[in-house]
Amino acid sequence: MTSSMPKHFNPPESEKSWYDFWLKAGYFHADEKSALDPYTIVIPPPNVTGSLHMGHALNNTIQDILIRYRRMDGYEALWMPGTDHAGIATQNVVEKELADQGVDRHHLGREQFVDRVWEWKEKYGGVILEQLQRLGSSCDWVRERFTMDEGLSRAVREVFVRLYREGFIYQGDYITNWCPRCHTALSDLEVEHHERKGKLYHLRYPAVDGSGEVVVATTRPETMLGDTAVAVHPEDERYEDLHGRTFNLPLTHREIPLINDTFCNMEFGTGAVKVTPAHDPNDFEIGERHDLPKITVISLEGTMTHEAGESYEGLDRYACREKVVHDLNEQGFLVGSEDYEHSVGQCYRCQTVIEPIISRQWFVRMKDLAQPAIEAVEDGRIQIYPETWKKTYYEWMNNIRDWCISRQIWWGHRIPVWTCTGCEEILVDVDEPVSCPKCGTGELHQEDDVLDTWFSSALWPFSTMGWPEDTGTLRKFYPTSCLVTGFDILFFWVARMIMMGMKFMGDVPFRHVYIHALVRDADGHKMSKSRGNVIDPLVMIDKYGADAFRFTLAAFAAMGRDVRLAEDRVEGYRNFVNKIWNASKLVLQYLDGVEGDQIIDPPMAKEIQNRWIRSRLSFVIGSVRDAFDSYRFNDAAGSIYQFFWHEFCDWYLELAKPSFYGDKGEDSLKETAITAANVLETSLRLLHPLMPFLTEEIWQRLPVKGDSIMIASFPVADTADRDIEAEESMGVATDLITGVRNLRTESGIKPSERIRASVVSDDDAFSEIVRVLKKDIERLGRLESLELDHVGPIPEGAATAVVKGQVLFINPETEVDAEAERVRLSKELEKVVAELKKVNGKLSNSQFLQKAPPEVVEKNRAIQADLNIQKGKLQENLESLGK
RNA sequence: GGGCGAUUAACUCAGUGGGAGAGUGCUGCCUUCACACGGCAGAAGUCACUGGUUCAAAUCCAGUAUCGCCCACCA
């Protein structure tokens, strides 16, 4: 039974109905009790505040391709979905919303504010997941997780406590990156450095005893209010006299010493450095080495403190900078200033310039955690694709620094540390202690800080599976198979997952890491919401359909390169969708009386075009599998595109039409219909991971058994289908047809005009093939007749061509333009002669003959022979033109 | 300052040692009974530049130029 198909494929309708169908049927769900081998991917959890951008689209399309491929190929495929609570980002969003209502979070208080964030999350947090569904993502939604779920929070506390007890976590007063706007510390990774234009000011500090002065340079003059020393290199001869002196710090009443420190670069400026231990990471270390006081002059709000002095207290740091410069200048301490481009650290969430400030923070000692993670990549337990990223990974891991994990915000996992107000006992535990075990009386106050969001992300591969419980999910699906991600979070996330996986699971979190391209904007910049340069994938889906969009992303996803999405490519693949639809429509018309079993397992074909297309198909299956297996999605897309459009549609279906129309009899119709359906059905299964909706829509209309293409098996190449003879014969036919068509066009013969063509052949095998395929060549060449084995001279004025070393000519009813023909043939001859010259050069080179591999020499000889024949025939043809 | 990557047709990009490719666009012809979101036939490139290795280089090596990214405490 066959059904007729609508004129056009309707993506919105199809996408919605099939997605619902799959969901209801439970095909997305992975069973941990299954006997099948597992294939697991955990999603890089998008921020709850997120909405789908190109990066997500590419990332999730790739994951869905992998998951659908393995699911069809007989694996128990789990794609674990979820979202990330995104501490700072989410808090910022809700704070902004509150601000619009004129509310400050401090007025609400912590508890109420957190409630509000939860409300926000319930209301808007699912948006991104719905958007992922529009892409066709076949996640196991039943297992959806959120990094602040009870279970995951428990895992976070467990990890914190264990790390603390083993001495990996410590607390201390250190200089950290501080965002005055988000009002929290940031890890080094969360600071983005950008080149900015600024000024380098040169300041004069006079010696207390009037015996001289020292000139220092700074881009942040306001920090001089917190200077506690001037440092010079111990070997800097310029300052020998000044050793041991003290200097007046301008604008203050303080005196500061001159110290020696090898940190100073004698080549830079005056070689003297002002030292502000409280506001510069280097100066902090110098301060530690020399036991200098640390004077905090900039507050957590980014304003000047009391310590900065009366005239500056309360000023914003930038207002203060101006005032300090003004005052220094007025009092004669400003030597000068110059334009200066330098790197400035900014908050990765709000772009505010960060301020290095001393505060009490929690840190994780990384070195010992990093070692096993380095080894896991070194010994291949984790493979990174493309490999070039390994180097970057090692570089960072080998120079890893301690991780500041505390954040002074409210939205996140509150640090599981309590202090007893009675005896100051510090309690670190997974669950909130009921009372102080030491004094039993004091009140317990939990640490105010929350953990860096990436702390919980680092546990994602096992926390989502129920750790620390020993769950069936963990046993079945951990370690995961492949992590698909962009390189922008290689350190933030991937490296930390490896470390935590090794530490707490004793095994790698994933066996493969596939690092895909970053989708950039037209200027090559990273697309990001804060930059406002995003192109909306949903618009692409609305405009061209999810299948075309997915296929485009796959076609662009060459390993290790960035993507700049061109919309006309999406349009091109939308046309491919249309092509598949229409080809299917054609094939479906001829399936009366064809059984599903015959389509799935067709008998050996007899007719050459049927043998040929099945041979081609078996090669394509192989290359698509290879491409998927090695993450070459562009090759997979390319192979199948080329096959389906240019081989199946352009050649095969055209050759099949006479059979379809019944011109070649009942048997031919039957065999061809079965073959066409078989190739179509197999192609749909090959295409399914790339184009899930379209393939399901068509597959459901085929008379094959099964409930859905997404649980049908992925094609396996049948080597018995490989048929070199058929491919060679078809090569002759297609070349002849192309030759005829070319002659027609070149000779200006209208398609409607029926003409005669002849072949002059001195090759029996060639002639035999032409004889067998005569009718096809005539039809597709739009020939009235094809004369085989023409003997005698080529008629004067006939247009000629050389095909596979044999001569083809057409007998036009109207005389061809001999001059135009001469020009055409001469041009072709010129080309052949040029090529021949190259080949002759190679083959007359004894070095080439000696050193090149025999097969290469052989190939060149064949080319030479072929070119010689072409040359000869072209010359003859030219001569036969007369004159 | 260190590292990585890019430079191939008008555009967007594949191609990593043996006769330069795709999609789009362009030119010409075709309203042929799956598809004009189509068919057929074409034109189009000093593979950034300079050297080197090799019988053979878009492909490997060195350098140059331009662009981009990542990392880094140089005031």
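In the text below, chain A, chain B and the rest are named by the order of the sequence lines, each starting its count at 1.
A 3.5 Å limit on both hydrogen-bonding distances identifies G5(B) as the Watson-Crick or G-U partner of C67(B). The base-pairing partner of U24(B), taking Watson-Crick or G-U wobble contacts with both distances under 3.5 Å, is A10(B). Across all strands shown, G45(B) forms no Watson-Crick or G-U wobble pair with both distances under 3.5 Å. Pair assignment for G38(B) gives C30(B), based on Watson-Crick or G-U wobble hydrogen-bonding distances that are each under 3.5 Å. With a cut-off of 3.5 Å on both Watson-Crick or G-U wobble distances, the partner of C73(B) is given as none. Partner assigned to G18(B) is C55(B), using Watson-Crick or G-U wobble distances below 3.5 angstrom.
When the nucleotides G19(B), A41(B), A34(B) are ranked by their closest atom to the side chain of R741(A), A41(B) comes out on top. Candidate nucleotides C30(B), C55(B), A36(B) were compared by shortest atom distance to the side chain of F848(A), and C55(B) ranks first. Side-chain atoms of E654(A) lie closest to C35(B) of the nucleotides G39(B), C35(B), C73(B). Side-chain proximity of K7(A) to the nucleotides C73(B), A36(B), G39(B) is greatest for A36(B).
Ring centroid separation for the pair Y544(A) and F549(A) does not come in under the 6.0 Å cut-off. In this structure, the ring of Y641(A) has its center less than 6.0 angstrom from the ring center of Y573(A).
Counting atom types as modelled, N265(A) pairs a side-chain N or O with a base atom of C74(B) as donor and acceptor under 3.5 Å.
The interatomic distance linking K750(A) (NZ) with A41(B) (C1') rounds to 13 Å, in whole Å.
Here, A9(B) and A58(B) have their C1' atoms 14 Å apart, quoted to the whole Å.
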